[in-house]
Protein chains: 2
Amino acid sequence: MTDVKSVNNPLFLREEELRQAIELLFFAYRDFTAGPDEILKDYNFGRAHHRVIHFVGRNEGMTVSELLDILRITKQSLNRVLSNLIKRGFVEQRQGEEDRRQRCLYLTEEGRMLEQKVSRVQRELVANAFREAGGEAVAGYRKVLTGLIDETNRDTVLNRILKT
Amino acid sequence: MTDVKSVNNPLFLREEELRQAIELLFFAYRDFTAGPDEILKDYNFGRAHHRVIHFVGRNEGMTVSELLDILRITKQSLNRVLSNLIKRGFVEQRQGEEDRRQRCLYLTEEGRMLEQKVSRVQRELVANAFREAGGEAVAGYRKVLTGLIDETNRDTVLNRILKT
DNA sequence: GATTTTACGTCAGTCATGTTGACATATATT
DNA sequence: AATATATGTCAACATGACTGACGTAAAATC
């Protein structure tokens with residue numbers, strides 16, 4: 001009877017609500033990545049390759065540094081994945097025109113095809129979720145997820161996402 | 001001028017909107033997991049340990065099978081992490097009362113403390129995002145993320161999340 | 001023009017966390 | 001009594017992170 005959970009305790013309700021929101025994000029993300037993972041297995045690529053293909057596809061000509069900054073991994077980690085993608089002809093590098101130290105990254109035709117293929121299943125998943133949820137819910141989704149992004153570089157990240 | 005991107009093409013806008021939603025989820029999840037990762041490093045635990053502590057904490061007395069079903073990993077993978085947590089006194093097992101083959105999982109006092117500590121930073125992050133976004137946005141967040149969960153076992157997952 | 005910094009690549013070793021496959025043990029079910 | 005289930009365990013391997021050290025070309029600075 002003095003159990004904190006059994007009384008109508010607004011603090012507990014709040015904590016419970018937050019815990020549910022956390023689990024929801026866990027499960028949603030798990031299933032959100034399942035589709036691409038499945039496809040990439042056929043190419044002997046993993047999630048790391050997916051991320052590279054995704055971001056290079058969205059930012060053609062981006063430099064290695066920019067990619068490292070987005071992925072938040074070490075250059076040694078990136079290099080194994082990236083040089084694999086280059087060797088197998090999904091990504092190509094061109095020397096920077098202004099700064100010739102830079103290696104600018106582009107998808108090859110084959111890379112673009114794979115990117116499309118993988119992206120499609122993910123877009124369809126999200127499109128379905130958006131359709132079921134409705135426009136207002138989509139706006140809420142954006143607001144909350146934006147708030148989850150680290151405040152100290154939220155603007156940088158948002159610019160990167162929204163820049164078309 | 002015939003560039004599909006340059007005309008007011010609703011299909012392109014839709015695709016762009018979806019791509020932005022996908023990146024938003026990527027970045028939000030990245031920062032959502034950063035806090036716990038940081039804390040767990042001090043204990044020489046990783047994200048895998050976190051997941052076990054989280055779900056055992058939320059479902060005291062759950063069996064190993066149930067945990068495996070949630071995490072979607074092999075028992076061999078789980079075992080390394082789980083036996084580590086048991087050995088170090090964060091989780092304990094008790095034989096199932098009805099079915100004595102089952103090992104029911106519980107957090108120890110120490111485990112509960114760690115769970116609280118880690119959970120707190122994540123709850124605070126989500127609480128801030130919720131507060132900034134407002135109640136209506138939170139409802140939208142829930143709707144959309146629910147829609148992202150694999151439809152074939154969405155009900156099972158939702159029951160697990162909502163069951164208090 | 002010499003020096004320093006920057007962007008990138010690479011070698012080598014380690015760790016965390018996932019996988020497959022095979023086998024063991026206790027208990028429940030048929 | 002035979003079979004199925006829940007769990008544990010050993011061994012080998014893959015992926016994708018990490019640290020640390022070193023190299024090279026080009027830009028920036030003194």
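Values in this document were obtained by computation on a predicted structure and should not be read as measured data. Sequence lines set the chain letters: A, B, ... in the order given, protein chains first and strands last, and positions in each chain run from 1. Side chains included, hydrogens not; waters and symmetry mates left out as well; all remaining heavy atoms used.
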Under 4.0 angstrom, heavy atoms only, what part of the nucleic acid is [X] near: base, sugar-phosphate, or nothing?
X: Glu66(B); result: nothing
X: Arg80(A); result: base
X: Gln93(B); result: sugar-phosphate

Worksheet entry | Check: Phe55(B) ring centroid to Phe26(A) ring centroid under 6.0 Å | yes

Discussion item. Let me spell it out: for each of Arg100(A) and Gly46(A), pick the nucleotide of DNA chain D with the closest heavy atom. Which residue's pick is nearer the 5' end?
Written reply: Gly46(A)

Please list each protein N or O that sits under 3.5 Å from an N or O in nucleotides 10-12 of chain C, with the distance.
{"residue": "dT10(C)", "atom": "OP2", "partner": "Asn79(A)", "partner atom": "OD1", "Å": "3.3"}

Item to complete: May I ask you to test the Arg94(A)-Gln102(A) pair for a side-chain heavy-atom distance under 4.5 Å?
Response: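 Sidechains of Gln102(A) and Arg94(A): no contact.
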
Between [X] and [N], does any side-chain N or O lie under 4.0 Å from OP1 or OP2?
X: Thr74(A); N: dA17(D); value: no
X: Ser77(B); N: dT17(C); value: no
X: His49(A); N: dT15(D); value: no
X: Arg51(B); N: dG18(C); value: yes

Fill in: Distance-only polar pair, side chains of Thr146(A) and Arg142(A), donor-acceptor under 3.5 Å
no

Worksheet item: Out of dT19(D), dA26(D), dG16(D), which nucleotide sits closest to the side chain of Ala48(A)?
Response: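 Looking only at heavy atoms from C-beta outward on Ala48(A), the closest nucleotide is dG16(D).
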
Item to complete: Test for a donor-acceptor pair under 3.5 Å between the base of dT6(C) and the side chain of Arg101(A), counting only N and O atoms.
Response: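 Answer is yes: a donor-acceptor pair is held.
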
Fill in: Positions of residues 27-42 of chain A (non-hydrogen atom under 4.0 Å from DNA chain C), listed by number
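Result for residues 27-42 of chain A: none.
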
Fill in: Strand contacts (DNA chain C) in residues 56-64 of chain B, 4.0 angstrom heavy-atom criterion
none

Worksheet item: Once the angle between the rings of Tyr29(B) and Tyr29(A) is folded into 0 to 90°, is it parallel (under 30°), tilted (30 to 60°) or perpendicular (over 60°)?
Response: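 Judged by the thresholds at 30° and 60°, the geometry between Tyr29(B) and Tyr29(A) is parallel.
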
Practice prompt. Could you walk me through whether Val81(B) and Phe45(B) pass side chain to side chain contact (heavy atoms under 4.5 Å, CB included), step by step?
Written response: CA-CA 9 Å; Val81(B) 173; Phe45(B) 287 145; over 6 Å; no

